[in-house]
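Before anything else, here's the structure in question.
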Amino acid sequence: MKDELDKLVASGKIQSRHVDPILKLVQAGFCQHKSWGFGRITALDGVLGRLNIDFASKPGHSLDLIFAADSLKPIGRDHILVRKHLDLDGLKREAALHHLDVVRIVLRSMNGRATVDQIQAILSDVVTEDWKKWWEVARGEMKRDGHFTVPLKKTEPVLYEEKEITLGDRLLADVRAAKGLKARIGVAADVLKSIDDLRDHGVVPEVVNLLAAEVQSHAQTMPSLALEGIFMRDDLRQAGGLTPPESQINARDILVPLSQESPPERLIERLVAFLEELPAVKHRRALESLRDAVPDWGALLVLVINRVSAKLAGECARILMVESRGQLLKDTLARLISQHGASSELLLWLGKERDDHFADILGPEVFRAMITAMERDAFNEKKTARLHDFILADQQLLPDLIEAADVEIVKDLVRSLQLSPVFDDMSKRSLLGRIVKVYPQIQSMITGDASKDDKTFIVSWTSLERRKAEYDHLVNKDIPANVKDIAIAKSYGDLRENHEFKAAKEMQKVLHRRKQELELQLARARGTDFANVRTDIVVPGTRVTFTDLGSGKQETLSIFGAWDGDPDRNILSYLTPLAQSLLNKGVGADAEMGAGDTQRRLRIDAIAAADTALVTPPSGT
């Protein structure tokens with residue numbers, strides 16, 4: 001072949017400098033062009049002075065020998081492109097079994113360095129399924145092999161050296177090159193994973209010392225990162241069998257000053273930010289450290305539980321229950337739910353948990369609190385639909401919450417759902433369908449086919465007048481005043497940052513929702529003076545004396561209209577569960593209220609007409 005090329009030089013078809021490049025191309029049999037890519041050399045035509053090559057986009061292409069010598073790069077049979085061309089199926093099998101060998105072929109073909117994206121591109125027809133999983137396995141093997149250097153950043157190249165570097169030396173170089181505590185914690189995690197192979201190497205003590213120094217400088221400015229560094233330092237020191245120094249910064253030094261922030265709102269904000277900045281896998285350990293460092297840790301957790309993510313709220317709840325603070329947690333949840341102040345993330349955790357420990361909390365009011373939380377998120381423009389999507393996806397959530405509820409409470413829940421803007425019509429129909437499965441009797445209420453008796457309820461004239469007065473004040477005073485507030489707030493400009501405008505608009509929603517509720521209630525209410533009531537059975541307007549057969553305790557209660565309840569004066573609405581269990585029963589009859597462990601058995605001892613003055617204000621007031 002060289003003699004033939006020398007003849008071409010003598011004839012003037014090529015120059016002597018072209019001989020060696022052309023000879024290498026022909027001997028290699030394969031080449032690469034910067035534009036046309038991979039090609040297979042098929043023949044050299046000495047008569048015409050041309051090289052015949054099969055490119056993927058130009059099969060049978062013929063190039064002038066001088067142009068070929070200057071523009072083509074010869075590649076050997078061990079090059080990844082040649083391997084793919086000659087035996088793609090064999091390379092696929094090798095990739096499935098020997099990840100590291102295939103990556104080695106790629107890097108050797110690319111001068112020992114290539115980014116992850118470059119490697120993925122060149123192996124796109126070799127690793128055709130689940131690249132991410134394949135690369136994770138290959139990455140783990142490279143980290144354990146002394147020939148490869150795997151960067152922390154995806155954009156930096158993976159390096160391959162023919163000379164092997166020990167794992168300890170490589171990790172030591174990585175931790176020295178890492179910039180900042182976060183990066184060093186990442187490298188330290190790799191050291192911890194390989195601790196059994198590094199016990200006789202100096203990398204472990206050096207990493208521990210570097211972390212200790214970094215933690216000290218971050219304790220004030222980045223306490224959450226400093227705590228993460230403390231955890232990693234201590235884990236490495238323990239795994240490496242190193243003795244801790246007598247004096248060192250620890251978790252207590254981070255957490256105690258944090259717990260002493262004031263005023264309380266500042267404390268809550270700092271603690272929430274601190275916990276949320278930690279990786280989720282460190283939350284449990286951080287909370288346990290808080291427990292060990294701060295005596296009143298439980299009070300702190302119930303302050304922050306309504307401000308954090310659902311996952312972190314779950315971790316807060318777990319440690320409170322494990323450490324016998326379950327009642328504190330239940331009291332906090334009950335208060336937040338009853339006041340409709342629970343966040344959507346806290347309610348998301350509670351809805352997913354639905355533990356028996358919270359059985360006395362999980363009721364219809366939880367769902368009403370969920371609706372309020374989602375409306376609040378929408379008003380505050382929080383871009384989250386996690387609770388919304390969970391409610392729709394969990395087919396059993398709503399039935400679980402209402403299964404033991406009074407039907408009137410469920411009807412009120414249905415009205416709240418129908419009035420809420422957080423669900424579209426299709427979603428509302430789905431949720432209402434779930435309610436009907438548990439309470440078929442409210443089907444007519446939803447479809448609008450209810451009879452007059454189903455729609456109405458009894459109230460005293462006094463309570464009816466109070467409710468009408470509330471409605472009149474709402475329509476004639478509160479709503480017009482709110483319209484003025486909105487107009488004034490608009491005048492301040494820049495509605496995106498106008499907190500007065502947002503607050504006024506939120507109040508507008510509250511007022512109009514209350515207006516709709518009052519209109520529905522007033523349309524159903526039927527006033528009465530409870531005069532001339534029958535006393536052979538318990539009815540609204542009677543005073544009933546009964547004995548709790550379980551405790552032997554006797555009680556006397558007056559039963560009046562739906563809006564007359566006043567437990568402090570022993571007055572019950574006839575719609576309450578206790579009154580419902582007594583209605584239409586005579587003296588000597590037994591009644592049952594509740595179910596399971598909370599069931600009460602009652603015996604009616606006496607029935608008389610109630611004193612209507614209890615629900616009628618004195619003349620002149």
*If every non-hydrogen atom of Ile305 is compared with every non-hydrogen atom of Ala317, which pair is closest and at what distance?*
CD1-N, 4.2 Å
*Results of salt bridge (Lys or Arg N to Asp or Glu O under 4.0 Å) for Asp472 - residues two or more places apart only*: none
*Please round to the nearest 0.5 Å and tell me the distance separating atom OG of Ser558 and atom CG of Leu614.*
5.0 Å
*asked:* Apply side chain to side chain contact (heavy atoms under 4.5 Å, CB included) to residues Arg368 and Glu365 and explain how you reach the verdict.
replied: CA-CA 5 Å; Arg368 290 170 65 94; Glu365 201 59 30; 3.5 Å; yes
*Closest heavy-atom pair and its distance - Thr556, Asn570*: O-CB, 3.8 Å
*asked:* Checking His283 now: which residues fulfil ring-ring contact (aromatic ring centres under 6.0 Å, His included) with it, not counting sequence neighbours?
replied: none
*Got a sec, which residues hit side chain to side chain donor-acceptor pair (under 3.5 Å) with Lys282, two or more places apart in sequence or on another chain?*
none
*For the side-chain contact (heavy atoms from CB on, under 4.5 Å) test, which of Asn584, Leu557, Val533, Leu582 pairs with Val538?*
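Filter result, single survivor: Leu582.
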*For Tyr439, check ring-ring contact (aromatic ring centres under 6.0 Å, His included) against everything at least two apart and list the hits.*
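Not a single residue meets the ring-ring contact (aromatic ring centres under 6.0 Å, His included) criterion with Tyr439.
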_Sequence neighbours excluded - salt bridge (Lys or Arg N to Asp or Glu O under 4.0 Å) pairs with any residue from residues 542-553_ = Asp548-Arg600
*Atom of Ser224, atom of Leu278 and distance for their closest heavy-atom approach*: O-CD2, 3.2 Å
*asked:* Filter on salt bridge (Lys or Arg N to Asp or Glu O under 4.0 Å), then keep only pairs touching residues 478-487, sequence neighbours left out; what's left?
replied: none
*asked:* For residues 341-352, which residue pairs pass the salt bridge (Lys or Arg N to Asp or Glu O under 4.0 Å) check, not counting sequence neighbours?
replied: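 Only Glu345-Arg386 qualify under salt bridge (Lys or Arg N to Asp or Glu O under 4.0 Å).
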*Taking C-beta and beyond as the side chain, do Cys316 and Leu287 meet within less than 4.5 Å on heavy atoms?*
yes
_Quick one, Ser289 and Leu255 - any side-chain contact, counting heavy atoms below 4.5 Å?_
yes
*Would you call Arg415-Glu517 a salt bridge at under 4.0 Å N-O?*
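A salt bridge is absent here (no side-chain N lies under 4.0 Å from a carboxylate O).
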*Quick one: do Gln554 and Phe546 satisfy side chain to side chain contact (heavy atoms under 4.5 Å, CB included)? Show the steps, please.*
CA-CA 6 Å; Gln554 190 176 69; Phe546 61 89; over 6 Å; no
_side chain to side chain contact (heavy atoms under 4.5 Å, CB included) for Val304 and Leu300? Distances and angles first, verdict last._
CA-CA 7 Å; Val304 305; Leu300 289 180; 5.8 Å; no
*side chain to side chain contact (heavy atoms under 4.5 Å, CB included) assessment of Leu290 paired with Leu258*: CA-CA 10 Å; Leu290 182 68; Leu258 186 67; over 6 Å; no
_Any side-chain heavy-atom pair of Trp563 and Ser573 under 4.5 Å_ = no
*Can you measure from OG1 (Thr332) to CG (Leu303) and round to the nearest 0.5 angstrom?*
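Spacing of OG1 (Thr332) from CG (Leu303) equals 8.0 Å.
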*State, with a plain yes or no, whether a side-chain heavy atom of Lys330 is found less than 4.5 Å away from one of His357.*
yes
*Answer yes or no: is there a side-chain heavy-atom contact under 4.5 Å between Val539 and Tyr574?*
no
*So does Met321 have more than 12 non-hydrogen atoms from other groups sitting under 6.0 Å from CE?*
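For Met321, atom CE is crowded (more than 12 foreign heavy atoms under 6.0 Å).
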*Does any non-hydrogen side-chain atom of Ile435 lie less than 4.5 Å from one of Leu431?*
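SC-SC contact between Leu431 and Ile435 ruled out.
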_Exercise: identify the closest heavy-atom pair between Ile486 and Ala504_ =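 Smallest interatomic distance, heavy atoms only, reads CG1-CB, 3.7 Å.
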*Sorted by first residue and then second, give each salt bridge (Lys or Arg N to Asp or Glu O under 4.0 Å) pair with at least one member in residues 428-439; sequence neighbours left out.*
none
_Salt bridge present between Lys132 and Asp130 (N-O < 4.0 angstrom)_ =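 Answer for the salt bridge query: no.
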*Selection residues 376-410 - residue pairs positive for ring pair (Phe, Tyr, Trp, His ring centres under 6.0 Å), sequence neighbours left out*: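 Counting only pairs at least two positions apart or across chains, the ring pair (Phe, Tyr, Trp, His ring centres under 6.0 Å) contacts touching residues 376-410 are His388-Phe423.
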_Check: Asp605/Thr545 side-chain N/O donor and acceptor closer than 3.5 Å_ = no
*Quiz item: cation-pi between Arg285 and Phe231, 6.0 Å / 45°*: yes
_Test of understanding: with salt bridge (Lys or Arg N to Asp or Glu O under 4.0 Å), list the residues that count as partners of Arg325, not counting sequence neighbours._
none
*Carboxylate-amine/guanidinium proximity below 4.0 Å for Asp590 and Arg601*: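 Result for this pair is yes, salt bridge flagged.
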*Any chance you could lay out the salt bridge (Lys or Arg N to Asp or Glu O under 4.0 Å) test for Glu470 and Arg466, step after step, and finish with the verdict?*
CA-CA 6 Å; Glu470 180 186 354; Arg466 282 199 303 267; over 6 Å; no
*asked:* Strictly below 4.0 Å, N to O, side chains only: are Glu315 and Lys311 in salt-bridge contact?
replied: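 Lys311 and Glu315: not salt-bridged.
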*Euclidean distance, Asp400 CG relative to Asp394 CG, rounded to 0.5 Å*: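 Asp394 atom CG to Asp400 atom CG measures 7.5 Å (nearest 0.5 Å).
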*Check whether any side-chain N or O of Asn250 sits under 3.5 Å from a backbone N or O of Asp253 as a donor-acceptor pair, and report yes or no.*
yes
*asked:* Please list all pairs meeting side chain to side chain donor-acceptor pair (under 3.5 Å) that have one or both residues in residues 296-309, counting only residues at least two apart or in different chains.
replied: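 Qualifying pairs, neighbours excluded: Glu265-Arg307, Asn306-Ser343.
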*Taking all atoms of both residues into account, what is the closest heavy-atom pair of Ala342 and Leu346, and its distance?*
CB-CD2, 4.4 Å
*Is the backbone of Val615 close enough, under 3.5 Å, to the side chain of Thr462 for a donor and an acceptor to pair up by distance?*
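Looks like yes, one N/O pair under 3.5 Å.
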*Would you check if the distance from the ring center of Trp461 to the ring center of Phe560 is below 6.0 Å?*
no
*Could you grab the distance from atom OG1 of Thr528 to atom CD1 of Ile458, nearest 0.5 Å is fine?*
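Reported to 0.5 Å precision, the distance equals 6.5 Å.
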*Test side chain to side chain donor-acceptor pair (under 3.5 Å) on Ser463 and Ser460 and set out the steps.*
CA-CA 5 Å; Ser463 65; Ser460 66; 3.0 Å; yes
_With side chain to side chain donor-acceptor pair (under 3.5 Å) as the criterion, how do Ser420 and Glu375 come out once you've worked through the C-alpha distance, each side chain's angles and the decisive distance to 0.1 Å?_
CA-CA 8 Å; Ser420 177; Glu375 290 176 350; 3.0 Å; yes
*Excluding sequence neighbours, so at least two apart, what forms ring-ring contact (aromatic ring centres under 6.0 Å, His included) with Phe367?*
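Residues passing ring-ring contact (aromatic ring centres under 6.0 Å, His included) with Phe367: none at all.
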*CD1 of Ile249 to NE2 of His218: how many Å apart, nearest 0.5 Å?*
11.5 Å
*Any side-chain heavy atom of Gln580 sitting closer than 4.5 Å to one from Glu408?*
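Not in contact.
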*Distance, nearest 0.5 Å, that separates CG of Leu267 from CZ of Phe274*: 12.0 Å
*Could you check if a side-chain atom of Val587 sits within less than 4.5 angstrom of a side-chain atom of Ile537, using non-hydrogen atoms only?*
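The answer is no; the side chains never approach within 4.5 Å.
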_For Gly298 versus Leu320, what's the shortest heavy-atom pair and its separation?_
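Heavy atoms only, the tightest pair is CA-CD2, 3.9 Å.
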